[in-house]
Number of protein chains: 2
Amino acid sequence: MTIGEAARASGVSAKMIRYYEEIGLIPAAGRTGAGYRVYGPREVHLLRFIRRARDLGFSVEAIRDLLGLWQDRERHSADVKRLALAHVAELRGRIRAMEEMAGTLETLAASCHGDDRPDCPILDDLSGRGRG
Amino acid sequence: MTIGEAARASGVSAKMIRYYEEIGLIPAAGRTGAGYRVYGPREVHLLRFIRRARDLGFSVEAIRDLLGLWQDRERHSADVKRLALAHVAELRGRIRAMEEMAGTLETLAASCHGDDRPDCPILDDLSGRGRG
DNA sequence: CCTTGACCTTCCCATGATGGGAAGCCCTAT
DNA sequence: ATAGGGCTTCCCATCATGGGAAGGTCAAGG
């Protein structure tokens with residue numbers, strides 16, 4: 001299996017597969033005589049795992065930890081759960097921050113006429129009026 | 001006023017002030033004979049505007065548009081409102097995506113024992129079981 | 001007058017994850 | 001033999017931000 005085939009099979013682009021190899025997230029692939037990387041079902045499975053974790057928003061560094069646990073038969077599920085919940089907390093934090101931004105902007109936009117006149121509470125807020 | 005003082009007065013770091021100047025978001029500051037950048041209240045006000053917009057999650061490119069409208073006395077508030085609501089939509093989209101991630105992970109974590117045994121539905125999900 | 005320390009200047013580098021693209025090699029089918 | 005598609009490595013760009021080096025400037029204090 002070439003890198004392009006592994007990419008299609010896993011949903012991870014060839015570019016990213018090379019990158020993951022470079023940063024040591026995955027072991028270096030075997031090579032053909034011509035220098036082509038070679039992949040098998042085992043590697044595709046690993047790439048799918050990574051792809052799924054990325055889809056759930058895990059950083060590459062977090063995935064490094066997850067892979068360590070995945071491949072450790074002596075792992076404690078508590079460790080996996082801890083990583084997952086830490087990531088959830090991270091996500092919730094970012095969600096809260098963004099909701100605050102969106103809420104503020106919606107409030108401001110609601111009080112903006114939105115017509116051809118220049119007066120605009122949104123710009124007033126940005127330019128400092130009403131905030132100290 | 002030096003760049004450091006303007007930074008403290010506006011909440012924008014000196015590094016960022018130079019960067020904003022370099023990309024043309026703000027006009028090039030005046031200089032002293034020794035080459036030091038010089039700022040006044042007008043510039044600090046501009047920097048505060050940018051800072052506030054960044055705090056609301058606007059990208060630098062969006063701020064470029066906002067500044068254009070801010071400085072345009074003939075502006076239509078409808079244009080400002082449109083920019084703001086487009087940004088809200090963007091935020092809401094990202095919020096939704098992250099909530100889906102967080103929700104999925106919370107569900108998985110809830111069914112994970114979280115003890116010293118290796119069995120873990122989180123890893124099962126990541127490794128492909130139960131998704132096709 | 002000279003030193004010290006804080007501040008300024010420019011320039012380069014790094015982040016995180018990803019894509020784009022060039023130059024050149026390899027393989028397969030026509 | 002040639003064309004086309006896929007592989008290789010290498011460099012560059014993103015977005016907004018910070019770190020740090022090398023060197024100039026300025027004010028205060030000895």
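Hydrogens, waters and symmetry mates play no part in the numbers below; they use all other heavy atoms, side chains included. We name chains A, B, ... by the order of the sequence lines, and we start the count at 1 in each one. Everything numeric in this text was worked out from a predicted model, so none of it was measured.
In the hydrophobic clustering of this structure, A:I23 groups with A:I50; members are Ile, Leu, Val, Met, Phe, Trp, Tyr whose side-chain heavy atoms approach within less than 4.5 Å, directly or through other members.
As judged by a 4.0 angstrom heavy-atom cut-off over every strand, B:F58 is placed among residues making no nucleic acid contact. The residue A:R18 sits close to a base: some heavy atom pair falls under 4.0 Å.
As rounded to whole Å, 17 Å separates atom P of D:dC10 from atom OH of A:Y19. Atom P of nucleotide D:dT17 and atom CG of B:L47 are separated by 12 Å, given to the nearest angstrom. In this entry the distance linking CD of B:E5 with C1' of C:dC8 reads 11 Å, nearest Å. For A:M1 and D:dC7, the CE to C1' distance is 16 Å, given to the nearest whole Å. Note: CD1 (B:I50) to C1' (D:dA16) measures 13 Å, nearest angstrom. At whole-Å resolution of the value, CD in A:E21 and P in C:dA17 are 17 Å apart. Across the protein-nucleic acid pair, B:I17 atom CD1 and C:dC8 atom P stand 9 Å apart, rounded to whole Å. The CZ-C1' distance, from A:R37 to C:dC26, rounds to 15 Å in whole Å.
The residues A:R92 and B:E99 are annotated as not salt-bridged, no charged nitrogen and carboxylate oxygen being separated by less than 4.0 angstrom. By the 4.0 Å N-to-carboxylate-O rule, A:E100 lies too far from A:R96 to be salt-bridged with it. Remark: A:R18 does not engage A:E21 in a salt bridge, criterion side-chain N to carboxylate O under 4.0 Å. Classification of A:E5 and A:R8 as a salt-bridged pair fails, no side-chain N sitting under 4.0 Å from a carboxylate O.
Side chains of A:R75 and A:V80 form a contact here, defined as non-hydrogen atoms less than 4.5 Å apart.
Contact between A:L46 and A:P27 at its shortest, heavy atoms only, is CD2-CD, 4.0 Å.
Below 30°, between 30° and 60°, or above 60°: for A:W70 and A:H45 the angle between ring planes is above 60°, a perpendicular geometry.
Evaluation of the side chain to side chain donor-acceptor pair (under 3.5 Å) rule for A:R51 yields A:D55 as partners, not counting sequence neighbours. In this structure B:E22 satisfies the side chain to side chain donor-acceptor pair (under 3.5 Å) test with no other residue, sequence neighbours excluded.
Helix-axis bend for the helix from C:dC1-D:dG30 to C:dT30-D:dA1: the local axis fitted to the five terminal pairs at one end deviates from that at the other end by 30°, rounded to 10°.
Side-chain N/O atoms of A:T2 include one lying less than 4.0 angstrom from OP1 or OP2 on D:dC7. The side chain of B:S13 contributes no N or O atom lying less than 4.0 Å from OP1 or OP2 of D:dT17.
DNA chain D is contacted by A:R31 of residues 22-31 of chain A, taking any non-hydrogen atom closer than 4.0 Å.
Identified under the side-chain hydrogen bond (donor to acceptor under 3.5 Å, both in side chains) test for residues 107-117 of chain A, with sequence neighbours left out: A:D115-A:R117, A:D115-B:S77.
In A:R42, the CZ atom is not crowded: 12 or fewer heavy atoms of neighbouring residues, nucleotides or ligands sit closer than 6.0 Å.
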Per-nucleotide protein contact string for nucleotides 21-27 of chain D (B base, S sugar-phosphate only, - none; heavy atom under 4.0 Å): ---BBS-
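Among D:dA16, C:dC8, C:dT18, the nucleotide with an atom closest to any side-chain atom of A:Y20 is C:dT18.
Mapping A:V38 and B:M16 onto DNA chain D via the closest heavy atom, the residue that lands nearer the 5' end is A:V38.
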